Every structure is written in structure tokens, then in C-alpha cells.
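Below: the structure, in C-alpha cells.
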Amino acid sequence: MRVLISGAGIAGPTLAWFLAKAGARITIVEKSHSLLPHGQNVDIEGGALTVIKKMGLMDRLRQFNTTEKGTQFISPTGQPFASFPISKGPGRSVSLTSDFEILRADLAAILHEATKDLPNVKYLFGTMIKKVVSNDGDSVKVELSNGEVQDFDLLVAADGQWSKVRKQCFPPDSVNVIHKGNYVAYWTVPRLPIDNDWWNIYLALPSRFMSIRPDPHSTIRALFSLMPCNSSQEKAWLEASKSDRQTQQDLLRREFVGSGWQAERLLDAMDQAPDFYFHEIAQIKMSKWFTSRVVCLGDAAYAPTPLTGMGTSLAITGAYILAGELSKLDDGEHLSKALEAYESIFRPFVEKTQQIPFFFPAIAHPETAWKRWLIQALVWAFSKLMAIPWLAMKIGDHGYSENFSLPKYPSFDEGDAK
Ligand SMILES: Cc1cc2nc3c(=O)[nH]c(=O)nc-3n(C[C@H](O)[C@H](O)[C@H](O)COP(=O)(O)OP(=O)(O)OC[C@H]3O[C@@H](n4cnc5c(N)ncnc54)[C@H](O)[C@@H]3O)c2cc1C
Ligand SMILES: *[C@@H]1O[C@H](CO)[C@@H](O)[C@H](O)[C@H]1NC(C)=O
Ligand SMILES: *[C@@H]1O[C@H](CO)[C@@H](O)[C@H](O)[C@H]1NC(C)=O
Ligand SMILES: *[C@@H]1O[C@H](CO)[C@@H](O)[C@H](O)[C@H]1NC(C)=O
């Protein structure tokens, strides 16, 4: 089987690893010229962790842990007032930091490293799919940006939330983009002696969120988020999300300067950051994940937003299931059977994961001083409750109960790494 994957993020390389094991020949095209340094902490939960174990990458993952001790909230006067340390074992999920948290770019690098030298995997960086020439029962023909025209058995869109392949192959009315109301910017900041190893969260007025967290590279990572209060502000932020870096930075500076805590220090580090990244928080929902021999995977098919903390886990688990179903095909069986199975097995879990409580992200973006006071009081009370071990255990267990039981595939189950 010849498979073309668009996108060397998280989903693409994971799929390539399993497909290679099943004997397929894989080409991955990636738009950027090298791996991107962008992105911050992503969680790897439940089933996705099992997939990483099957790939034998647990040690690499542990090496790149973010070293975060937990989460703490910073008061308007700049002092921590409520903390949620990571606790091992039950009750851990209330720390907000998960046990297996890693920077997106570190994970992408680990996955690339695990696949780049496989004999049947070929990476083409700085290359895109220019055109899907045809897609029918027999093959999918594409023209690449390097001018080559090639036939494949399967084309996988793993090119992220704003997938170009999806755009070319699926009608607009089959793709639903759901705006969640906030805009987020991420960048790296030089570390100072005053910095600590907590995820520090500060709520600024009106409707602004700032945080810094440690990383394993001796720098710290800033995250700013804003939820527009009215339509003119909404318009400015939406336009900036489609504009260039300078426009985005100017807007951030204008809207966050003077909003308290370490706003100025963090804003001042923006210009020099190698990884400035700005995006609108939106979910992707498709009425069907495949058409003939083109299938969507990861954020391209079902971006859940960072509000769920599940984008990476869905990408990894989805890649495993897609590869598994393809590996089960008998000689001469049409691959649509595997695509059907991938969607029917995984869609219920994806839909559950994409449900975000109505008060998110508003609860993290209070508009007024009294709302901020109320939220902070609740957070404080909760932190006190969670300091009581038996209660933490009860609440923590509950938060961790939602799970997905990974299907088993003969091709991938022998020789599991511990
Ligand atoms: C720069 C960046 C930063 C992110 N930061 C965070 C974060 O801090 N926290 C969080 O929870 N989630 C973040 N995400 C989202 C997170 O990576 C995904 O939710 C999840 O990992 C799913 O991965 P994916 O492989 O489906 O998509 P992605 O990780 O988005 O990977 C898609 C890949 O496709 C490439 N690509 C895009 N267009 C094309 C094209 N036309 N042709 C070929 N290749 C293309 C991209 O360069 C990228 O390498 C970020 C995504 C990106 C792209
Ligand atoms: C969820 O997954 C974890 C890790 O794989 C496992 O230990 C736990 O038992 C699972 N919980 C449920 C309710 O299935
Ligand atoms: C996290 O990473 C650090 C530094 O790379 C390492 O010393 C530590 O042992 C790791 N922690 C775990 C739990 O693996
Ligand atoms: C919209 O909200 C912003 C931020 O709170 C405020 O500065 C601006 O004056 C508001 N504009 C209108 C038209 O209400």
C-alpha cells in the first residue's frame, strides 16, 4: 500500500510509524522547511499513552517532561493564593498539569526521530500538495509543489486545523468550524531567577488571561488569551488571527500593556521569540471524515481546541486506529472498509471529547472585578478542599474516569514495549 500523508505534526508521524510496521510505503509532505519549534504543553492521556508505549517511546517522553510542579493562581497583587500541586496516583488530574505533559515541539521531534530512518518512510520538507488531481475507487492522484505527479492508494490529511487537503477534497458544508470565543498567543521568554517551576496563572481585567510555565529547556513559556467583550474588539482579534506576526504583536501589546503582574516583561520578550504563535480557538467538526481515498486525521478532522487538553491524545489515538484498521485488510479488500471502521470506532469518543462545558472559556476570562473576585474565591476554596487527601482522591478519581479502550490489532500487539 502506498500512502501519502500531508503534515508532519503529531498525527502524521504517528500514523507513519504504525503503517510502516504493517508494511506500507509512506511519503510525508510537510509545508515547513524543518520541524516547527512552536506550541506549548500538550497532555498525553489514557489510550494515547498506551499507543506511545507500543511505540517504545516512554523513556523519551519522560526525558522531555516539562518539570512542572503543578498549577498556582496569582492574585491581583502578584502573590500566589491557591495552588494545586501534582500528586502521584489518584487525584492527580486536579493539578491541571498531567503526569505526561510535554511540549508540542518536543513530542513532534521525538515522533520524527522515531520514523525518519525507517526504510519505508520518506519525509519531504518544504513540500505541499498542490492539487488533488483525482480521487476514485482505484487510486488518488496528486500533484506536489515540487512538480511531481504521483498515484497513491490513500491520501491522509494530517495537516492540522486549517487543513488544505480537507479544503480541496470536502465540500464546505460538510465542515463545521465552531468558534469558542477566545484568542491565544504563545511564545518563549528568557528565564530569570525569580521564575519558578509552577504553571502561574493570572486573570487580568477585562477578560484577559496570562500564564507562564516552565519548560525543560531553561526558558519559560508565556500564554496570553483574550475573550473579546464586544463586536469591534472581536473584529480586531479575528482580523489579527489571519494577519502577520507584527499586526498580532501590536494588538497584544496594545491590549495587555498595563494589565498587571508581569505583562510588560512578557510582552517585551515577544519580538525575540523564535516561536511566537497566535490563533483563534475553534473546533472542527466534519459530517464524514473520508471521501473515497482521502481521509482526515487529528486536528484536520476533529480539532477539539486546547480548552479540552485532548488535541494531541486524539491525534495519536486516531492515528493508531486508522493504521490498525488498514493493517487488518485482507488482500484484495477495498480500503473503504478500513476507513469506515476507523470512523465508526473513534467518532463516539471524539464527540464526547469535543463537548466543552458552556462556561468555558468565559470562566477564565472574567470581565469585571467582582466576577474575578468570585472566581478567585472559588479557586481558593477548592485548593483548600483539595489539600484534604481523601477528598482529593474522590474528586481526582472522578475527573480521570473518562477513557477510551483501545482496540487491539494483531500487527501491533506483539513485542509491546513496557
Ligand atoms: C504551531 C502549532 C502550535 C500548537 N500549539 C499548541 C499548544 O500550545 N497547545 C495545544 O494544546 N495544542 C497546540 N497545537 C495543536 C496541537 O498540535 C494539535 O491539537 C494536536 O497535536 C494534533 O496534531 P495534528 O498532527 O493533527 O496537527 P498539527 O500539530 O497542527 O500538525 C499539522 C502539521 O501539518 C503541517 N501543515 C500545515 N499545512 C500544511 C500543508 N498545506 N501541507 C503540508 N503540511 C502542512 C503543519 O506545519 C504541521 O506540522 C498547536 C499546533 C500547531 C501547528
Ligand atoms: C483509563 O486509562 C488508564 C490508563 O491507561 C487506566 O489505568 C484506567 O484503568 C482506565 N480507566 C477506565 C475507567 O477505563
Ligand atoms: C523529567 O526530566 C528531568 C530532566 O530532563 C529528569 O531529570 C527527570 O527525571 C524527569 N522526570 C521524570 C518523572 O521522568
Ligand atoms: C469594546 O471593548 C473594549 C475592551 O473592553 C473597549 O476598550 C472598547 O471601548 C469597547 N468598544 C465599544 C464600541 O463598546
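Order of listing sets the numbers, starting from 1, for every ligand and every atom in it. Fair warning: this is a prediction, and the values are worked out from it, not measured in the lab.
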Looking only at distance, does Thr67 have an N or O less than 3.5 Å from an N or O of ligand 3?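 No, no N or O pair falls under 3.5 Å.
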Anything under 30° is parallel, anything over 60° is perpendicular, the rest tilted; go ahead and classify Trp237 against Phe256.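 Ring orientation of Trp237 relative to Phe256: perpendicular.
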Can you label the angle between the Phe84 ring and the Phe73 ring as parallel, tilted or perpendicular, going by 30° and 60°?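 Rings of Phe84 and Phe73: perpendicular, as their planes differ by over 60°.
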In this structure, are over 12 heavy atoms from other groups packed under 6.0 Å from Phe359 atom CZ?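 Yes - once you tally the heavy atoms of other residues, nucleotides and ligands closer than 6.0 Å, there are more than 12.
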Counting neighbours of CG on Asn230 that are heavy atoms of other residues, nucleotides or ligands and sit closer than 6.0 Å, is the number greater than 12?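 Yes, enclosed.
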Measure and list all N/O to N/O distances between ligand 1 and the protein that fall under 3.5 angstrom.
from: ligand 1; atom 1: 8 (O); to: Gln40; atom 2: N; distance (Å): 2.7
from: ligand 1; atom 1: 17 (O); to: Arg104; atom 2: NE; distance (Å): 2.8
from: ligand 1; atom 1: 19 (O); to: Asp299; atom 2: OD1; distance (Å): 2.9
from: ligand 1; atom 1: 19 (O); to: Asp299; atom 2: OD2; distance (Å): 2.9
from: ligand 1; atom 1: 21 (O); to: Thr312; atom 2: OG1; distance (Å): 3.1
from: ligand 1; atom 1: 25 (O); to: Ile10; atom 2: N; distance (Å): 2.9
from: ligand 1; atom 1: 25 (O); to: Ala11; atom 2: N; distance (Å): 2.8
from: ligand 1; atom 1: 26 (O); to: Asp299; atom 2: N; distance (Å): 2.8
from: ligand 1; atom 1: 29 (O); to: Arg104; atom 2: NE; distance (Å): 3.3
from: ligand 1; atom 1: 29 (O); to: Arg104; atom 2: NH2; distance (Å): 2.8
from: ligand 1; atom 1: 44 (N); to: Lys31; atom 2: N; distance (Å): 3.1
from: ligand 1; atom 1: 47 (O); to: Glu30; atom 2: OE2; distance (Å): 2.6
from: ligand 1; atom 1: 49 (O); to: Glu30; atom 2: OE1; distance (Å): 2.7
from: ligand 1; atom 1: 49 (O); to: Glu30; atom 2: OE2; distance (Å): 3.4

Does some non-hydrogen atom of the protein lie less than 4.0 angstrom from atom 7 (O) of ligand 4?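 Not a single protein heavy atom is under 4.0 Å away.
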With rounding to the nearest 0.5 angstrom, report the CZ to CH2 distance, Phe412 to Trp17.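 The CH2 atom of Trp17 is 8.0 Å from CZ of Phe412, to the nearest 0.5 Å.
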Per-atom contacts, ligand 3 versus Arg62 - under 4.0 Å to a heavy atom: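 By the 4.0 Å cutoff, the relevant atoms are 1 (C), 2 (O), 10 (C), 14 (O).
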With respect to Asn230, determine whether any N or O atom, backbone or side chain, lies less than 3.5 Å from an N or O atom of ligand 4.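 N/O-N/O distance under 3.5 Å: yes.
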Closest approach of Gly7 to Ile28 (non-hydrogen atoms, all atoms of both residues):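 Distance-wise, the nearest heavy atoms are O-CG2, 3.8 Å.
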Could you tell me whether Arg221 and Asp275 make a salt bridge, using a distance below 4.0 angstrom between a side-chain N and a carboxylate O?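 Looking at Arg221 and Asp275, the cut-off is met.
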Interfacing atoms of ligand 4 (cut-off 4.0 Å, heavy-atom, Gln233):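 In order of numbering, the contacting atoms are 2 (O), 4 (C).
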Close-contact set for ligand 4 against Ser232 heavy atoms, below 4.0 Å: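 So the atoms of ligand 4 that pass are 11 (N), 13 (C).
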Test ring-ring contact (aromatic ring centres under 6.0 Å, His included) applied to Trp289 - qualifying residues, sequence neighbours left out: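 Checked Trp289 against ring-ring contact (aromatic ring centres under 6.0 Å, His included); matches are Tyr302, Tyr342.
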